[in-house]
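Reading through the structure tokens given below for one structure.
Numbers restart at 1 for each chain; the letters A, B, ... are given by sequence-line order, proteins then strands. Values below: all heavy atoms of this structure, side chains included; hydrogens, waters and symmetry mates excluded. What you see is a predicted model; the values in this text were computed from it and never measured.
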Number of protein chains: 2
Amino acid sequence: MTGTKAGQPAGEAKPRRRQARGERRIQQLLDAAANVFCRTGYASASTNAIAREAGVSPGTLYQFFPNKEAIAVELGERLTHQMREAHGVLFTPEYASLPLGEMLDAVVDPMVEFNCQNPVFLTLIHSGDAPGIMTEDHDALHVALQARLEELIGLIQPELSAERRTRTATMVFSLFKAGLELVLSHEGEEQAAYIEELKASLHGYLAPIIGTQAPSRTP
Amino acid sequence: MTGTKAGQPAGEAKPRRRQARGERRIQQLLDAAANVFCRTGYASASTNAIAREAGVSPGTLYQFFPNKEAIAVELGERLTHQMREAHGVLFTPEYASLPLGEMLDAVVDPMVEFNCQNPVFLTLIHSGDAPGIMTEDHDALHVALQARLEELIGLIQPELSAERRTRTATMVFSLFKAGLELVLSHEGEEQAAYIEELKASLHGYLAPIIGTQAPSRTP
DNA sequence: GGCAAACACGAGCGACCGCTCGCATTTCCA
DNA sequence: TGGAAATGCGAGCGGTCGCTCGTGTTTGCC
């Protein structure tokens, strides 16, 4: 084995030593990338534009990232990690015992909050335009979130077949993304109203499935 | 007035005379564009690739379209027209008197059918990646569809405030798009199942709003 | 203080893209 | 049937993009 340092499996050789300045630059570049991605989408965002937004030269950008995709991947990883630690292991089993309305509050509110503060998250998840972007990272997050959802649904309503549970989780995930987009594209009172609509739609979809009759809203 | 022909307002000068061969080429190019757009999205689709798919040279493509955007616009216009005439003026007022479940069948089924046969429609509507694409055509369709929806909702439940009605229509439109995506990404029995889920979600969302209590589905 | 490594720069390379242009071929009609 | 217009071709122009490389500067460690 030709390990450069102790404990390195010598498979991929990239443990470049970073200075504090470098770490700062990386954060700067990721922030800039988030802005540019939000503004123009992943495919249309040019690395030169990201470097310019960060106030550095193109060469400097490539000192820290091997290519454009790596920027999105690292950004996605940091956001994922941030989301996980901000709200713990999201929707833990104890949520299963809550009434549907309260459970939706407990799950939807933090999710909306996070996505409002990090709009680039939805942009990255939603970008099917890139070549093979996020093939492992975004998919990993997607699968993980959906597995949690399936798990939760299984706890609430164990009589559902496996296929039905998967379909339900997929559907909830998709509906949530759609509603989230509307929430993010509005502000102030309208935004708050769309958050309520999002919850109402999820409630309306899930109530008949998990077998809890809910009080109807006043029109 | 410097009109080239009779009745031409002389503002835009482009009434080029087409032969039957040209019309055939145009249809060929639009079909090819639909394929390429579906495969790679609008932004990543190159005009050279569209020409190659159609079996013609790049120069020939630009004999019939002034630029790349015009291809998408013309494609969108043809699809819109096709949709309108295929299902009449979609969801006419008489639907308002139907029970919610039947109304959803009457509206959702033809829409799903059309989008299954023309998957490029969703691709074009969904592509926010292009510079200023569809700024008049796609928006016109969006606004028109949403206006119809608002109208229908107003007929069913006249007590809703204008803002609430708009929000509801926007929400339904968005939820529908999300469900449609899931439907299009599956086949056979799974696809049929997701169509039911789509209807169920719309039913669940709308039932409390329009004040008709619906029979709950068996889980 | 010296020196290797990390950091920073920015002109520019090669690839690709939307699109053009000069020219050949086919079609329509007087 | 002659010729104007419509159609067809494909090399290639100007531009942008992702990315490189040679070179100079800053930092951490002895």
Looking at every strand, decide which applies to [X] at a 4.0 Å heavy-atom threshold: base, sugar-phosphate, or nothing.
X     : answer
B/N48 : base
A/G59 : base
B/A45 : sugar-phosphate
B/A70 : nothing

When you measure from the side-chain N and O atoms of [X] to the phosphate of [N], is any distance below 4.0 Å, counting only OP1 and OP2?
X     : N      : answer
B/R24 : D/dT7  : no
A/Y62 : D/dC19 : yes
A/S57 : C/dA8  : no
A/T47 : D/dG18 : yes

Rounding to an integer number of Å, can you tell me how far [X] [atom1] sits from [N] [atom2]?
X     : N      : atom1 : atom2 : value
A/Q19 : C/dC7  : CD    : P     : 5 Å
B/R17 : C/dT26 : CZ    : P     : 19 Å
A/K68 : D/dT20 : NZ    : P     : 15 Å
A/E23 : C/dA8  : CD    : P     : 12 Å
A/I50 : D/dG18 : CD1   : P     : 8 Å
B/L61 : C/dC19 : CG    : P     : 9 Å
A/Q63 : D/dG22 : CD    : P     : 14 Å
B/Y42 : C/dG18 : OH    : P     : 9 Å

Using a strict threshold of under 4.0 Å (side-chain N to carboxylate O), is an ion pair present between B/E181 and B/K177?
no
Output yes when A/E196 and B/R167 qualify as a salt bridge under the 4.0 Å nitrogen-oxygen rule, no when they do not.
no
Closest to the [X] side chain: [options]?
X     : options               : value
B/R21 : C/dG18, C/dA6, D/dA6  : D/dA6
A/R25 : D/dG28, D/dC19, C/dA8 : C/dA8
B/P58 : D/dT7, D/dG28, C/dC19 : C/dC19

Going by distance alone, is a donor N or O of one side chain under 3.5 Å from an acceptor N or O of the other, for A/Q27 and A/R24?
no
Hey, which of these two, B/A20 or A/A20, hits DNA chain C nearer its 5' end, going by closest nucleotide?
A/A20
Just verifying a value: how many Å separate A/S201 OG and A/Y194 OH, rounded to the nearest 0.5 Å?
12.0 Å
Checking B/K68 against B/Y42: charged group under 6.0 Å from the ring centre and within 45 degrees of the axis?
yes
